[in-house]
Amino acid sequence: MIFETHAHYDDECFDEDREELLSGLQEKNVGLVVNVGADLETSVNSVELAKKWDYIYAAVGCHPDEVEGFDQESLNKIKEMAINNDKVVAIGEIGLDYYRKEGKDFIPNQKTWFRKQLDLAYELKKPVIIHSRDAGQDTYDILKEYITSHKDIVNPGVVHCYSYSPEMAKEFVKLGFYIGVGGVVTFKKAKKLVDTVAQIDIENILVETDSPYMSPEPNRGKRNNSANIKYIIDKIAEIKGISSDEVERITEENARKMYGL
Ligand code: NI
């Protein structure tokens, strides 16, 4: 079965047909899904989805683009949710995003909430789902500090929708992180991600769609859903020179290990 490690089915673009879509995914070989929160509201929604659907689990946390309205009270609520719901399997997505470049004032604030949520993940013994865009070095530095100060962490988490160099991927892997590979790997201009997949072991890769975003070829530009993950698996199989079944099986194992399922 396919383990979809990152989706946002609470997104409003699924409002019209969410029920129908989610009731059909398992027939399409998608056996497990982690629905990921990006702020307080979407974290609550993720937990609700997990309560409703057996095969859906939840991650709760605050995305770097959403930290402006986030405060200690919000963090406490995230913590309560994670403690009180056994289907919360990770803290995320959290991290750094320097893509919107108006001034640098937002950076210290992003770093503060990134670190606080890492501390929460450690306290609750949960893996983290890292969102990192145009902030590779700072993300690495903070995660390295996190890992070296907590030597007992076994499965720290995943760098989701990985977009940096193969060399940097190897450094994240050395820290114990999985590399999340999404639809971009199927794009024509995806050389960097293709090289990354070629250069790291399949045992360090998770597959994900980030639905509704990032649809792989041949559905690029359309609303994404987890059934499209097969195109990502096929592409990884082609790069690695192994069968798609093997990629499916190993990435499922990897994800089960990371999320403890
Ligand atoms: Ni996401």
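The chain is numbered in sequence order, starting from 1. All ligand and atom numbering here is 1-based and tracks the order in the structure.
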- Query: How about Y231 and S215: does a side-chain donor come under 3.5 Å of a side-chain acceptor?
  - Reply: no

- Note on the structure: Answer key: the N, O or S atom of D210 nearest to the Ni ion (ligand 1) is OD1

- Item | Which atom of H6 approaches the Ni ion (ligand 1) most closely (N/O/S) | NE2

- Message: For the Ni ion (ligand 1), give me the closest N/O/S atom belonging to E93, just the atom name.
- Response: OE2

- Message: I want to know whether Y259 and Y57 have ring centres closer than 6.0 Å.
- Response: no

- Task: Identify the residue among T42, D210, N224 that makes a side-chain hydrogen bond (donor to acceptor under 3.5 Å, both in side chains) with H8.
- Result: D210

- the Ni ion (ligand 1) to nearest N/O/S of C161 less than 2.8 Å: no

- Axial cation check for Y146 ring with R115, 6.0 Å and 45° limits: no

